[in-house]
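This report concerns only the one structure given below.
In what follows, chains carry the letters A, B, and so on, assigned in the order in which the sequence lines appear, proteins first and then strands, with residues in each chain numbered from 1.
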Amino acid sequence: MPELPEVETLVRGLQPIVGTTIAAVEIHDARLTVSADQLCGASLRDVRRRGKYVLLGLEPHGDLVIHLRMSGRLCLDRSESEIPYTRMTITLDSGDSVYFVNPRRLGTVSLCPEGFDKPLGIEPVTAEFTAVVLEALAHASRTPIKQLLLDQRKIAGIGNIYAAEALWRAGLDPRRRSNSLDGEEISALHAGITSVLSEAIDQLGTTLGNSVSDYRPSGAASGTYQNHLAVYGRENKPCERCGATIRRVIQAGRSTCFCPACQT
DNA sequence: CTTGTACCCTGACCGC
DNA sequence: TGCGGTCAGGGTACAA
């Protein structure tokens, strides 16, 4: 569910817990690989994001690593209101609690005592991510460009929604081989990626529905980028750029919506 | 090395 | 109303 903009919004919303100390932990899912003993008494040095991962830096050392996958949520709240599917509750000495809500139990929580070290690709909303970098990644691969964008080892944080949206902005067919893109197309794709991600962050991400598994930012009813989606979830609707009918194809088991007329 | 498939889970939605 | 099939913001462990 959450992609880079949603996780970024979440991490910003969690900043108030920096400097607090973990007072108690309840775990309601045996699949989670952490234990209360490992966390109680640690203080929170920082809260940051890497790709789609949420990292809670612990004092004196280590990171609590959380990935929300398709349906997970992290909520910061002072209320006792019981959210269904809460699999872990971290109570802080400030009185706040962090709730890990994970309906499908696809999300993961783990402790990295030496710090998070997963080899993820470049962060796409930094100055280091240039068209030249993207070109090098694309030219080294013959995989369809949609799948390259989803490969977290190459670029960290893009998911199914923003991959489709970036390709629409760039006017590129998602099935194109990565190494077939020329310089102009790479530049358009770079602009598409960076613009869609930054705009989505400004909109606090995309909230797709009202179920318990739907992402929503803290302190707001929902993100609002869903109101700006050009292709994602718009199969059989008209392309707002050229009027043709949006189509859906399956690539590597995942849907991609695109405009067959103006994405070439 | 790369590419494809099954799988992990649960809920929403659609057609019958 | 109920049932079965399909789909979903993701990643991993395999097989080929």
Legend entry - Between A:Thr143 and A:Ser141, a side-chain donor and acceptor under 3.5 Å: no
Legend entry - Atom-to-atom span, CZ of A:Arg177 to C1' of B:dT2 - whole angstrom: 11 Å
Legend entry - Electrostatic pair A:Arg48-A:Asp63, nearest N-O below 4.0 angstrom: yes
Inset, instruction - Report the relative orientation of the aromatic rings in A:Tyr225 and A:Tyr162; use parallel for angles under 30°, tilted for 30 to 60°, perpendicular for over 60°. - result: tilted
Legend entry - Under 4.0 angstrom between A:Lys118 side-chain N/O and C:dG11 OP1 or OP2: no
Inset, instruction - Report yes if at least one side-chain N or O of A:Arg69 is closer than 4.0 Å to OP1 or OP2 of B:dC8; otherwise report no. - result: no
Inset, instruction - Between A:Gln152 and A:Arg104, name the one whose nearest nucleotide on DNA chain C is closer to the 5' end. - result: A:Arg104
Inset, instruction - Respond yes when some side-chain nitrogen or oxygen of A:His67 is under 4.0 Å from OP1 or OP2 of C:dG11, and no when none is. - result: yes
Legend entry - Atom pair distance, as rounded to whole Å: CD1 in A:Ile158 and P in C:dG10: 11 Å
Inset, instruction - Identify which nucleotide among C:dG9, B:dT10, B:dA12 has an atom closest to any side-chain atom of A:Tyr215, counting heavy atoms from C-beta outward. - result: C:dG9
Inset, instruction - Rounded to the nearest angstrom, tell me the gap between atom CZ in A:Arg87 and atom P in B:dC8. - result: 16 Å
Legend entry - Phosphate-side-chain proximity, A:Gln147 and B:dG4, N/O vs OP1/OP2 below 4.0 Å: yes
Inset, instruction - Would you kindly give the CG-to-P distance between A:Leu106 and C:dA13, to the nearest whole Å? - result: 15 Å
Legend entry - Nearest-Å distance once atom P is located in both C:dT6 and B:dC7: 15 Å
Inset, instruction - Starting at atom CG of A:Asn236, determine the distance to atom P of C:dC7, rounded to an integer number of angstrom. - result: 14 Å
Inset, instruction - Ignoring backbone atoms, establish whether A:Tyr162 has a side-chain N or O less than 4.0 Å from OP1 or OP2 of C:dG9. - result: no
Legend entry - A:Val65 and A:Val54: CA distance, side-chain angles, deciding distance, side-chain contact (heavy atoms from CB on, under 4.5 Å) verdict: CA-CA 6 Å; A:Val65 178; A:Val54 178; over 6 Å; no
Inset, instruction - Compare side-chain N and O positions of A:Ser141 against OP1 and OP2 of B:dT2 and report whether any pair is under 4.0 Å apart. - result: no
Inset, instruction - Determine: side-chain N/O of A:Lys52 to OP1/OP2 of C:dG10, distance under 4.0 Å, yes or no. - result: yes
Inset, instruction - Provide the Watson-Crick or G-U wobble partner of B:dT3, both distances under 3.5 Å; none if there is no partner. - result: C:dA15
Inset, instruction - Remember a base hit wins even if backbone is also touched, and classify A:Thr143 as base, sugar-phosphate or nothing at under 4.0 Å, heavy atoms. - result: sugar-phosphate
Inset, instruction - Whole angstrom is fine here: how far is it from CZ in A:Arg153 over to P in B:dT2? - result: 7 Å
Legend entry - Separation of atom CG in A:Leu120 from atom C1' in C:dT12, rounded to whole Å: 14 Å
Legend entry - N-O pairing of A:Glu123 and A:Arg50 below 4.0 Å: yes
Inset, instruction - Return the value, rounded to whole Å, for the distance between atom CZ of A:Arg248 and atom P of C:dT6. - result: 12 Å
Legend entry - Backbone N/O of A:Thr207 and side chain of A:Gln226: donor-acceptor pair under 3.5 Å: yes
Inset, instruction - Using a cut-off of strictly less than 4.0 Å, decide whether A:Arg254 has a side-chain nitrogen or oxygen near OP1 or OP2 of C:dA8. - result: no
